[in-house]
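Let me begin by presenting the structure, written as structure tokens, before commenting on it.
For clarity, every value in this text was computed on a predicted model and none was experimentally measured.
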Amino acid sequence: MHKTPQQQTSEAVSDISRAHRAEELLANPLYIEAITAMQAAMFEQFNDTKLADEGERHELWQRMQLLKQFQGKFESIVKQGSKAKETLTMLEKAKNLVRI
């Protein structure tokens with residue numbers, strides 16, 4: 001289904017708003033502190049595991065991967081907002097060309 005310019009504009013504005021909120025979260029000192037503390041704790045636990053403790057190491061590795069995915073989701077929202085800004089720019093250019 002082809003989206004109208006109005007639908008594209010509305011979606012782009014929404015994506016930009018979400019991206020702004022995600023950027024604020026990623027830059028928030030409390031968020032950064034919490035993520036850093038969680039990463040450090042998991043890394044320390046991982047380093048302290050015994051060689052025979054494969055199950056615990058695997059579980060910690062999974063937690064670290066989940067944390068990376070969590071952060072990656074917010075970063076993808078920020079990237080989506082950047083693309084939305086480009087979309088708005090292109091829609092504005094197209095609108096101006098139609099007016100000429």
Rounded distance (nearest 0.5 Å) linking atom CE of M42 with atom CD of Q65: 10.0 Å
Atom CD of E54: over 12 foreign heavy atoms under 6.0 Å: no
Least distance between heavy atoms, P5 atom then L91 atom: O-CD1, 4.0 Å
Q6 backbone acceptor or donor facing S10 side chain under 3.5 Å: no
Under 3.5 Å side-chain donor-acceptor pair for S14 and R18: no
side-chain contact (heavy atoms from CB on, under 4.5 Å) between Q71 and Y31, worked out: CA-CA 10 Å; Q71 290 178 283; Y31 173 83; 3.5 Å; yes
In one Ile/Leu/Val/Met/Phe/Trp/Tyr side-chain cluster, 4.5 Å: L67, F74: yes
Neighbour count above 12 (heavy atom, 6.0 Å) for E44 CD: no
Reported CD-to-CG distance for the pair E92 and L88, which is rounded to 0.5 angstrom: 7.5 Å
Transitive ILVMFWY side-chain link F46 to M38, under 4.5 Å: yes
Same apolar cluster: F43 and I35, side chain cutoff 4.5 Å: no
Nearest-0.5 Å distance, OG1 of residue T9 to CD of residue E11: 9.5 Å
Considering all heavy atoms, the nearest A27-I32 contact: O-CD1, 3.7 Å
Any donor-acceptor pair under 3.5 Å from S76 side chain to K73 backbone: yes
Rounded distance [0.5 Å steps], CG in L26 versus CD in E23: 8.0 Å
Which atom of Q7 lies closest to which atom of H2, heavy atoms considered: OE1-O, 4.2 Å
Gap separating the CD atom of E86 from the OG atom of S82, nearest 0.5 angstrom: 7.0 Å
Heavy-atom closest pair, residues G81 and A19: CA-CB, 3.5 Å
L60 vs E56 side-chain heavy atoms within contact, under 4.5 Å: yes
Salt-bridge present (E59, R63; N to O < 4.0 Å): yes
Side-chain touch K93/T89, heavy atoms, less than 4.5 angstrom: yes
Side-chain (T36) to main-chain (E33) donor-acceptor, under 3.5 angstrom: no
For the student: nearest non-hydrogen atoms of A84 and A12, plus distance: CB-O, 3.4 Å
Separation between CG of N47 and CZ of R57, rounded to the nearest 0.5 Å: 11.0 Å
Test item: K83 and D15 side chains (from C-beta on) under 4.5 Å apart, heavy atoms: no
